[in-house]
Amino acid sequence: GNSVTQMEGPVTLSEEAFLTINCTYTATGYPSLFWYVQYPGEGLQLLLKATKADDKGSNKGFEATYRKETTSFHLEKGSVQVSDSAVYFCALSEGGGADGLTFGKGTHLIIQP
Amino acid sequence: GAVVSQHPSWVICKSGTSVKIECRSLDFQATTMFWYRQFPKQSLMLMATSNEGSKATYEQGVEKDKFLINHASLTLSTLTVTSAHPEDSSFYICSARDLTVSLSSYNSPLHFGNGTRLTVT
């Protein structure tokens, strides 16, 4: 079956530091890949996505590249802000999302001023 | 923007009672809604796919008689935890697909509710 593995947190960084949150996946087909973010007290929001190999998703300074050869979709940001503190979930979906998502466990990111 | 409202945000109930959780799409119609459960420090696990006007599709290992899903309208799906026990204590999250953006589920966005914290004593 499908699975998503992401680095466990919490990850604590100083403001303006470089961020990488690793995510690897296992899938039987060719999934779409997603990063969701959950800010304190809010629901999950789509941060970015990529639907095929070598696609790069980007949003709000975050980016992730769909690497089929390494089955990875690592999330990166060049300079994090305190407002980026949240829980980040890597997820995949086969069938373009017509079915439900398979999520990783989530990574709690804490940015200190 | 599109919002999914989930109610209640938290509930405490006694063992043996039933609890209903509502998931509403506020400004779009959702033919498909998904119900997830999240245990502490675990990932969100898909429980079932709720389709308006038809029976829900449950994931393997999820008891359909325990977790009753009703999707009676295009804006409302409910999850009822029947005869709840302490092991049912968890965080339940719904999501809904907004097909007004695109008729293709491939491109239509998925919106999540804020979740419901269920504690069974």
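A, B, ... follow the sequence lines: proteins, then strands. Residue 1 opens every chain.
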Item to complete: Report the distance from atom OH of B:Y36 to atom OG1 of A:T102, rounding to the nearest 0.5 Å.
Response: 7.5 Å
Worksheet item: Roughly how far apart are A:Y36 OH and B:L44 CG, rounded to 0.5 Å?
Response: 10.5 Å
Item to complete: Tell me, for A:L46 versus chain B, whether the close heavy atoms (under 4.5 Å) come from the side chain, the backbone, both or neither.
Response: neither
Response to the item:
Bottom line for B:Q38: the part with an atom under 4.5 Å from chain A's heavy atoms is side chain
Discussion item. Counting only non-hydrogen atoms closer than 4.5 Å, can you tell me which residues of residues 12-23 of chain A sit against chain B?
Written reply: none
Item to complete: Over all heavy atoms of both residues, which pair between A:G104 and B:S43 is shortest? Give the atoms and the distance, please.
Response: O-CB, 2.8 Å
When clusters are formed by joining ILVMFWY residues with side-chain heavy atoms under 4.5 Å apart, either directly or through shared neighbours, do [X] and [Y] land in the same one?
{"X": "B:M33", "Y": "B:L68", "value": "no"}
{"X": "B:L46", "Y": "B:L118", "value": "no"}
{"X": "A:L47", "Y": "A:F89", "value": "no"}
{"X": "B:F34", "Y": "B:Y58", "value": "no"}

Discussion item. With a strict 4.5 Å heavy-atom criterion, list every residue of residues 74-83 of chain B that contacts chain A, or say none.
Written reply: none
Discussion item. Could you check whether any side-chain heavy atom of B:L110 comes within less than 4.5 Å of a side-chain heavy atom of A:L101, counting everything from C-beta outward?
Written reply: yes
Worksheet entry | CE (B:M45) with more than 12 external heavy atoms under 6.0 Å | no
